[in-house]
Amino acid sequence: MGNDSLTITDNRTGKTYELPLKHGNIRAMDLRQIKSDEKDFGVMSYDPAFLNTAACESRITYIDGDVGILRYRGYPIEQLAEKSTYLESAYLLLYGELPNPQQLSTFTARIAKHTFIHENMKKFMEGFRYDAHPMSMLVSSIAALSTFYPDAGNVADPEVRELMAIRLIAKMPTLAAYAYRHTNGLPFVYPDNELDYTANFMNMLWKMAEPKYQANPVLARALDILFILHADHEQNCSTSTMRVIGSAQADPFLSMAGAAASLSGPLHGGANEEVLRMIDEIGTTDHIPSFIESVKKGERKLMGFGHRIYKNYDPRAYMVKQTADSVFGVTGRNSKVDIAREIEKIALNDEYFVKRKLYPNVDFYSGIIYEAMGFRPEMFTVLFAIPRTAGWLSHWEEQCKDRDTKISRPRQVYLGPDQRDI
Ligand code: CMC
């Protein structure tokens with residue numbers, strides 16, 4: 001079989017197997033031929049939390065976590081954040097190339113056309129309690145959208161898939177803003193399709209009695225950059241959820257509600273909310289050392305730190321930190337950034353964090369900026385979910401086209417009782 005293979009010797013039987021390597025990896029199914037005797041099921045790999053299991057081939061996002069590299073379709077995230085808009089990056093993720101001016105204008109117009117949501121969705125939103133968590137409202141309302149688009153279940157049709165993707169990217173800011181206005185007891189504001197994607201979102205959040213909402217351009221651009229930074233991150237927990245639910249051919253609204261539910265968890269996108277709560281609890285810089293000690297004793301986690309893939313500085317965290325200055329120039333400085341910077345300084349010089357390669361991740365500084373813009377912590381994960389929509393849908397589309405796709409169905413190692421009688 002040549003050099004592109006792996007030779008395995010089963011010490012139970014003395015037999016040798018040669019497994020082919022494709023792109024440097026074995027197919028887990030090739031292990032199945034390794035049996036202790038004829039009745040044996042065959043060897044599986046045991047990998048809780050998929051620490052070392054590739055579930056798909058993908059051409060969307062590349063991360064090198066050891067050096068802190070993130071690229072969408074080959075383009076470094078730093079260049080996209082500097083030179084593109086969120087909608088351009090979303091187009092790139094979905095279609096594989098950056099749009100030319102004509103493609104961008106068609107795409108932007110299609111998104112604008114679908115920003116409105118059915119009037120009944122307002123009643124649905126009104127049904128939530130005054131103190132409902134905005135992320136729970138968002139997850140439920142994404143799922144509820146499925147009821148308005150029964151044709152969304154036709155996932156084998158590429159045109160239907162594309163239309164649903166456009167609808168979801170277009171409607172997410174509207175759902176998010178409605179959840180925000182409900183939480184604040186304010187009337188819902190309809191989309192203004194003369195505004196661009198981010199400015200329209202700000203309009204739906206913050207417009208009051210003025211006839212036309214004017215978004216502050218610095219804040220609109222900062223939000224757009226944050227959207228670009230959050231748009232995709234390859235096979236993370238929520239994207240994998242999207243792929244797993246999608247593999248059963250559920251419609252994209254329902255698959256994405258599942259993905260958003262996964263994002264809400266404090267170990268995933270929900271960490272940005274937890275970071276702010278943690279900083280508030282720490283209160284002043286002189287409390288940081290005792291807080292760090294409790295983290296090192298294993299009593300709690302330093303939220304916004306650590307990552308499954310990054311064993312170096314998360315490149316998104318750098319750019320979030322840079323964006324803070326432009327936002328503070330408009331909103332005034334959020335003094336919590338001083339506590340965050342001091343936590344980072346102490347942690348990056350402490351053996352506990354150094355040894356485990358724990359660095360700030362994207363969630364560490366984002367909440368401080370969102371708070372300066374006027375958001376309460378409950379909204380932070382919603383602000384993550386809006387742009388991640390492009391990533392979820394790009395992976396879903398890729399999976400729908402992938403001939404290797406089958407329904408996701410992991411195996412287990414059964415350790416319960418053997419048959420017994422009552
Ligand atoms: N604070 C303190 N210790 C930590 C932390 C942390 N934030 N993260 C990991 N560790 C320790 C962990 O206890 C373990 O120590 P030991 O080897 O002594 O048992 C070691 O570092 C390895 O951690 P792990 O739990 O095996 O790492 P993981 O890859 O399973 O978890 C993580 C990754 C992101 C869930 C975890 O780092 C964490 O919980 N961080 C805090 C939550 C957070 O900020 N999440 C946002 C992630 S980035 C946004 C996104 O994409 O979702």
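Please read these numbers as outputs of a predicted model, since none were measured by experiment. Numbering of ligands and ligand atoms starts at 1, following listing order.
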Peer 1: Testing the 3.5 Å rule here: is there a donor-acceptor pair between the side chains of Asn236 and Thr239?
Peer 2: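 A pair is found: one side chain offers a donor N or O, the other an acceptor, under 3.5 Å apart.
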Peer 1: Give a yes or no answer on whether the side chain of Asn312 reaches the backbone of Asp66 with a donor-acceptor pair at less than 3.5 Å.
Peer 2: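 Checking the backbone N and O of Asp66 against the side chain of Asn312, a donor-acceptor pair under 3.5 Å is found.
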Peer 1: Just checking Arg12: does its CZ atom have more than 12 heavy atoms from other residues, nucleotides or ligands closer to it than 6.0 angstrom?
Peer 2: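 Counting neighbours around CZ of Arg12, more than 12 heavy atoms of other residues, nucleotides or ligands fall under 6.0 Å, so yes.
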Peer 1: Note the single closest protein heavy atom to atom 50 (C) of ligand 1, along with its residue, its atom name and the distance in Å.
Peer 2: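 Here the closest protein heavy atom is His268 ND1, 3.5 Å.
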Peer 1: Below 4.0 angstrom from a heavy atom of Gly269, which ligand 1 atoms are there? Numbered from 1 as shown, please.
Peer 2: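 Atoms satisfying the 4.0 Å criterion: 52 (O).
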Peer 1: Any protein heavy atom sitting closer than 4.0 Å to atom 23 (O) of ligand 1?
Peer 2: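 No, there is no protein heavy atom closer to it than 4.0 Å.
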Peer 1: What is the nearest protein non-hydrogen atom to atom 5 (C) of ligand 1, stated with its residue, atom name and distance?
Peer 2: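 The protein heavy atom lying closest is Leu358 CD1, 3.9 Å.
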Peer 1: Ring centres of Phe116 and Tyr190 under 6.0 Å apart?
Peer 2: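 Ring-ring flag for Phe116/Tyr190: true, centres closer than 6.0 Å.
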Peer 1: If the cut-off is 4.0 Å to any non-hydrogen atom of Leu302, which atoms of ligand 1 fall inside it?
Peer 2: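 Selected atoms, number and element: 1 (N), 2 (C), 6 (C), 7 (N).
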Peer 1: Looking at Cys400, is its backbone amide N or carbonyl O close enough to the side chain of Thr405 to form a donor-acceptor pair, meaning the two atoms are under 3.5 Å apart?
Peer 2: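 Looks like no, no N/O pair under 3.5 Å.
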Peer 1: Tell me the protein heavy atom at minimum distance from atom 47 (C) of ligand 1, and give that distance in Å.
Peer 2: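 For atom 47 (C) of ligand 1, the nearest protein heavy atom comes out as Asn361 ND2, 3.5 Å.
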Peer 1: Are Arg388 and Phe384 in a cation-pi contact, defined as NZ or CZ under 6.0 Å from the six-membered ring centre and within 45° of the axis?
Peer 2: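 Judged by the rule (NZ or CZ under 6.0 Å from the ring centre, within 45° of its axis), Arg388 is not positioned above Phe384.
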Peer 1: Could you check whether any side-chain N or O of Glu18 sits under 3.5 Å from a backbone N or O of Leu6, counting only pairs where one atom can act as donor and the other as acceptor?
Peer 2: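 Side chain of Glu18 to backbone of Leu6: no pair is present.
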Peer 1: Using a distance threshold of 4.0 Å (strictly less than), state whether atom 39 (O) of ligand 1 has a protein heavy-atom neighbour.
Peer 2: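 Yes, at least one protein heavy atom sits under 4.0 Å from atom 39 (O) of ligand 1.
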Peer 1: Just distances here: any N/O of Lys301 and N/O of ligand 1 closer than 3.5 Å?
Peer 2: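 Indeed, backbone or side chain, Lys301 has an N or O that close.
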Peer 1: Specify whether Tyr310 and His307 have parallel, tilted or perpendicular ring planes, treating 30° as the upper limit for parallel and 60° as the lower limit for perpendicular.
Peer 2: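 Because their plane-to-plane angle lies in the 30° to 60° range, the rings of Tyr310 and His307 count as tilted.
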Peer 1: Given the rule in the ring-ring contact (aromatic ring centres under 6.0 Å, His included) test, do Phe380 and Phe375 qualify, once you have shown the distances and angles that lead to the verdict?
Peer 2: CA-CA 7 Å; Phe380 295 172; Phe375 293 105; 7.5 Å; no
Peer 1: Would a 4.0 Å cut-off, counted as strictly less than, catch a protein heavy atom around atom 31 (O) of ligand 1?
Peer 2: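 It does not: no protein heavy atom is found less than 4.0 Å away from atom 31 (O) of ligand 1.
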Peer 1: Measuring from Leu276:CG to Asn334:CG, what's the distance to the nearest 0.5 Å?
Peer 2: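 Between atom CG of Leu276 and atom CG of Asn334 there are 7.5 Å.
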Peer 1: Pick, from Asn272, Val295, Leu51, the option with the minimum heavy-atom distance to atom 2 (C) of ligand 1.
Peer 2: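 The residue whose heavy atom sits nearest atom 2 (C) of ligand 1 is Val295.
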Peer 1: Going by the closest heavy atom to atom 18 (O) of ligand 1, which one wins out of Met303, Lys357, Arg308, Arg356?
Peer 2: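 Among Met303, Lys357, Arg308, Arg356, the closest heavy atom to atom 18 (O) of ligand 1 comes from Arg356.
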Peer 1: Is the closest N or O pair between His233 and ligand 1 shorter than 3.5 Å?
Peer 2: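 Such a contact does not occur with ligand 1.
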Peer 1: Give a yes or no on whether atom 26 (O) of ligand 1 lies under 4.0 Å from any heavy atom of the protein.
Peer 2: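 Flag for atom 26 (O) of ligand 1 set to false, no protein heavy atom closer than 4.0 Å.
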Peer 1: Classify the angle between the aromatic ring planes of Phe227 and Tyr86 as parallel (below 30°), tilted (30 to 60°) or perpendicular (above 60°).
Peer 2: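 Plane angle over 60°, so perpendicular.
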Peer 1: Where the closest heavy atom to atom 13 (O) of ligand 1 is concerned, which of Phe305, Tyr352, Tyr310, Phe353 has it?
Peer 2: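 It is Tyr352 whose heavy atom sits nearest to atom 13 (O) of ligand 1.
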Peer 1: If you count the atoms of ligand 1 from 1 in the order shown, which ones are under 4.0 Å from a heavy atom of Ala271?
Peer 2: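 Matching atoms, with element in brackets: 43 (C), 44 (O), 45 (N), 46 (C).
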Peer 1: Just by distance, do the side chain of Arg73 and the backbone of Leu92 share a donor-acceptor pair under 3.5 Å?
Peer 2: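 Judged by distance alone, yes, a pair lies under 3.5 Å.
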Peer 1: Got the closest protein heavy atom to atom 49 (C) of ligand 1, with its distance?
Peer 2: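 Ranked first by proximity to atom 49 (C) of ligand 1 is Asp363 OD2, 3.1 Å.
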Peer 1: Return a yes/no value: protein heavy atom under 4.0 Å from atom 10 (N) of ligand 1?
Peer 2: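 It does: a protein heavy atom is found less than 4.0 Å away from atom 10 (N) of ligand 1.
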Peer 1: For ligand 1, is any non-hydrogen atom under 4.0 Å from His307's backbone (N, CA, C, O), its side chain (CB onward), both, or neither?
Peer 2: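 Under 4.0 Å from ligand 1, His307 contributes backbone and side-chain atoms.
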Peer 1: Which of the numbered atoms in ligand 1 are below 4.0 angstrom from a heavy atom of Leu267?
Peer 2: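 Numbered from 1, ligand 1 contributes 39 (O), 43 (C), 45 (N), 46 (C), 47 (C).
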Peer 1: Tell me the protein heavy atom at minimum distance from atom 34 (C) of ligand 1, and give that distance in Å.
Peer 2: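 It is Gly306 O, 3.7 Å.
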Peer 1: Just jot down the ligand 1 atoms closer than 4.0 angstrom to any heavy atom of Gly304, in number order.
Peer 2: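 This gives 43 (C), 44 (O) as the contact atoms.
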Peer 1: Between Lys83 and Glu88, does at least one N-O distance fall below 4.0 Å, as a salt bridge requires?
Peer 2: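 So Lys83 does not pair with Glu88 through a salt bridge.
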